Protein chains: 2
Amino acid sequence: MSLDWESQAQKGRDILTNSIPKQWLVPADRLPPASQKSVVDFPRESGLLSTRELQITDMTATALVAEMGKGALTAEEVVTAFLKRAVIGHQLLNFATEFLAEEAISRAKELDEYYRRTGRLVGPLHGVPISVKEHLSMKNRTCNTGYVAWTDKVYTEDALLLQLLSKAGAVFHVRTNQPQSLMHLCCSNNITGTTVNPHNRTLTPGGSSGGEGASMGFRCAPLGIGTDIGGSIRCPAAFCGAYGFRPSSLRNPATGIKVASSGQENIRGVVGPMSSRSIEDLELFQRAVLDQEPWDVETSLMPLPWKNVAPTRNMTVAIMWDDGCVRPHPPITRALRFARDRLVAAGIKVVDWEPYKHQHGWEVISALYYPDAGEKQRELLAQSGEPARPLTEWALSYSKSKPLTQAETWNLQEQREIYRDEYCGIMKSRGVDFILSPNYPGVAAVMGESQYWNYTAIWNIVDLPSATFPSGLTVDSKLDVLTENDRRYIPRDDVDEREWRKYQGPERYEGAPIGLQIAGRRFKDEETLAAAKVVEEIVGGQLNSKL
Amino acid sequence: MSLDWESQAQKGRDILTNSIPKQWLVPADRLPPASQKSVVDFPRESGLLSTRELQITDMTATALVAEMGKGALTAEEVVTAFLKRAVIGHQLLNFATEFLAEEAISRAKELDEYYRRTGRLVGPLHGVPISVKEHLSMKNRTCNTGYVAWTDKVYTEDALLLQLLSKAGAVFHVRTNQPQSLMHLCCSNNITGTTVNPHNRTLTPGGSSGGEGASMGFRCAPLGIGTDIGGSIRCPAAFCGAYGFRPSSLRNPATGIKVASSGQENIRGVVGPMSSRSIEDLELFQRAVLDQEPWDVETSLMPLPWKNVAPTRNMTVAIMWDDGCVRPHPPITRALRFARDRLVAAGIKVVDWEPYKHQHGWEVISALYYPDAGEKQRELLAQSGEPARPLTEWALSYSKSKPLTQAETWNLQEQREIYRDEYCGIMKSRGVDFILSPNYPGVAAVMGESQYWNYTAIWNIVDLPSATFPSGLTVDSKLDVLTENDRRYIPRDDVDEREWRKYQGPERYEGAPIGLQIAGRRFKDEETLAAAKVVEEIVGGQLNSKL
């Protein structure tokens, strides 16, 4: 059996290896040593990219489109610059599953030709390179979703979201890695292995959109596409110092995104944008998609166009210091304090957020992740004979020993609805517009240690739009040491203890960026991104721009 | 056991009996003989209602509100007139489960007082009496949903929809009957028995909102509230010569509507308005509800306000003569021809509708009605020991012998989504705005014979907004006889044969009105009612107004 799954997995690796544009591969002796933790400065320091290429890859999608609209940049040079950076990034981080260099450049040339002919851009994403999580299907390509069993599964259509982005002018140049089962806040599988964090290669980029996290953190693309059923967009964005948006469910189209439990609606996963540089780019992405009325094709989506919402400082932001279950690590608490001080100084109304039954929320959502007791997942692993990764076993440990009955499923769904209605009612009655919180108990986890999801999953069950952005701060060897007070902390229970004990001190997390998360009221996707822009500008904007 | 359930059922009957306002009860000798089929003219012919009461109970909700706004009518006299008519109606049709006379009159007096004090109406439904299907819970009242086991189940809150309607000024004066299990296109249970059709008391008023059908057909209220997961609003509206609207799912609030399979989301039931007199009243109801933004409380609803849509004749209406599975009876086909001729004469573009895989649609939806193999239903029956009614057994026969696995459920849900996307895509590619069709193979079924749901259920699975309205025609003893051609019809299969054989001839259906159904594109609820108004005015408006 073991030989079998390994040769099947090799097919996936071959697709990757054969797709890498060899002309841009960096010889091993010019790469930083494996022991070098942070590689984010390598593109600049190595001299491998030209000044112009560095400038291009440092720009936001919004700025790139503007420059292309003025004729100051061509799509071809934009796509080429990001492709080169992505190849370097892949050598350092193992984040890609397949490069699409030829098609990307050929599509960029078409866009340039269109622009030359008409003087106009094709659409709002004209020439913007977008990296794509692997489990979005692409026409005539494989889509393995992290399962060895699916390494040679080929699809005949692009995922609907990709069709729309492509119509808007986007160019897909690289597909990115995901964990086995898609249910790790980490990124390793038995096909293309483990992706690491560009800010510290001993840490995980997070997951499940971990390849996208690395892609954004290393600026292999200005925009990326992730999916999120428990934090899988926001966790990698936070771990990698990037931006991510979990839209409300039933807004972005899911058709053609391949998952094990296709047709499962107990908890809806969503697809959304990630960005290396700005909230504005997340908005650009959302508008480009929703302006095309995807509900006309995928008819379960809500027929809601993307509204224009002006950013305002006239809002109440509540800070969730702790979810009442797992105490955040010192760097996270420091970033929240920093944010609070800056927001207050900027005249924003800031209050504390008392969490509402997060443990109950977790019990409901975690029971609904695997109503089939994980049978489908195990079946897919058994199909190839590949071994389960430790974090797959961890995620499956949430499932019950036997499938839920229909009555149990209905009951949990009812609990989910009641909990969401109550949570939304409480936000309203407290007059809170947005909740600022951690994404995770700590910064990027040490590989294999990411076990606690509920700082993000809570907004999946409540189904609040939520955006992740960098605080502008990174772990600090002086400021983030455990204080006497910290050392005296008595954890609430085993889970709290497990998570708290992981911290140990800033040394394990050297260089890790500290992300924050902002969640808005139900359905207020546009308002949430507008608020995230205001908050990020006040909290982290200037600091972050030095990167 | 049998004594037990009967005494439990008696509690439900006692609630009804004790609630009837005795002062308006008609002595038995003034009632028409049990053998008299149609009783729709009884209020006028009997002299039991005054001319003014007859005028009031013949008015639409829209007209009533206008008159109350001018001070020409009081809420008290409106509510009293409908209460009187409802008591008579109940004696003739057995449609009520509980009268709310005292509260209704007291609420009406409050409304009148408010109007006297301010010169203004409380809201858009000021003083409008609305009859309510029993399984919408009411504060401090029982709610049995047709199950003997629940006859003494008391709730502490009004259903959210009732709260909103009440805020808009509506007055609830009577609660109405439903079948055991809610899954009959008929209306009988072991508590308050069987409701009959006002146009012909040997026929069923349809179901499951059969009490509402009778209420609308006899004009016991200008507006009523039904629920629909397979036709339960549209079928009784059609059978009783009334109007009904099945909105898209996730528009009207469902909180506090009690069903056996609470939390079930495989196929979503909806709640919607029924009207005795006009499409305009259905719109009035929808606007009054959605203007209050129910999604702010019941957060699974789509945040879509009710749009103003101007009626237009610039549309393409496709006529579905036959669903490809069960051939409609002669009166239905005659009404469709009549409608076609009138629409064409009015300059509307009319084409034929070729149905798309309705048998497949039925297989998917019927499998999803009882993913638990009907266990919950049987458990509820077993709880009291009441016997299953024949049509409950019939509905349960759709369920599999054992519960669906989670994987089977997911697969069916995926099939449902694919089917809906395909159906909507076909409407769009054919350029069809609306589909005009039967609601049922025939007119009101003979008691116990209503077995084929798919002329309505098809729009539940595709989730299209659909409205039922009277064609203005009734079964005609001359025009609707079986022709030689009809007699030679060779049914496609057993189901087609079963339904076709039921017709026999117009005699069985004497006086039965012929309803039609119009379905609009996905999410086009407002456009569908606007189109229904245009079509109904052209097809049946004048004829119907003679009633």
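Just so it is clear, the structure is predicted and the values come from calculations on it, not from any experiment. Residue numbering restarts at 1 for every chain, and letters A, B, ... go by the order of the sequence lines.
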Please flag which part of [X] lies under 4.5 Å from any non-hydrogen atom of chain B: side chain, backbone, both or neither.
| X | value |
| --- | --- |
| A:Leu464 | neither |
| A:Arg521 | neither |
| A:Leu404 | both |

Between [options], which has the largest tally of heavy atom pairs under 4.5 Å with chain B?
| options | result |
| --- | --- |
| A:Ala373, A:Ser249, A:Ser261 | A:Ser261 |
| A:Leu250, A:Leu412, A:Thr409 | A:Thr409 |
| A:Gln415, A:Glu414, A:Lys376 | A:Glu414 |

Answer yes or no: is there a side-chain heavy-atom contact under 4.5 Å between B:Lys139 and B:Thr156?
->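 No; the side chains remain at least 4.5 Å from each other.
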
Heavy-atom pairs under 4.5 Å with chain A - which of [options] has more of them than the others?
| options | value |
| --- | --- |
| B:Asp296, B:Thr405, B:Thr255, B:Asn411 | B:Asp296 |
| B:Met302, B:Gln264, B:Glu417 | B:Gln264 |
| B:Asp372, B:Thr299, B:Leu304 | B:Thr299 |

Under the salt bridge (Lys or Arg N to Asp or Glu O under 4.0 Å) test, which residues partner B:Asp291, sequence neighbours left out?
->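 With neighbours one apart ignored, the set is empty.
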
Assess the pair B:Tyr419 and B:Trp362: is the distance between their ring centroids shorter than 6.0 Å?
->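 No; B:Trp362 has its ring centre 6.0 Å or more from that of B:Tyr419.
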
Side chain to side chain donor-acceptor pair (under 3.5 Å) involving A:Ser466 - partner list, sequence neighbours excluded | A:Arg234

Verify the distance criterion only: is there a donor paired with an acceptor across the side chains of B:Tyr356 and B:Glu422 at less than 3.5 Å?
->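 Yes, side-chain donor-acceptor contact under 3.5 Å.
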
Verify whether one side chain among B:Gln377 and B:Ser181 offers a donor that lies under 3.5 Å from an acceptor in the other.
-> no

Carboxylate-amine/guanidinium proximity below 4.0 Å for B:Arg416 and A:Glu265 = yes

Side chain / backbone / both / neither for B:Arg420 at chain A, heavy atoms under 4.5 Å |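 Contact with chain A involves both backbone and side-chain atoms of B:Arg420.
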
Tell me, for B:Asp463 versus chain A, whether the close heavy atoms (under 4.5 Å) come from the side chain, the backbone, both or neither.
->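 Neither the backbone nor the side chain of B:Asp463 comes within 4.5 Å of chain A.
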
Hey, is CD on B:Glu354 packed in by over 12 heavy atoms from elsewhere, all under 6.0 Å?
-> no

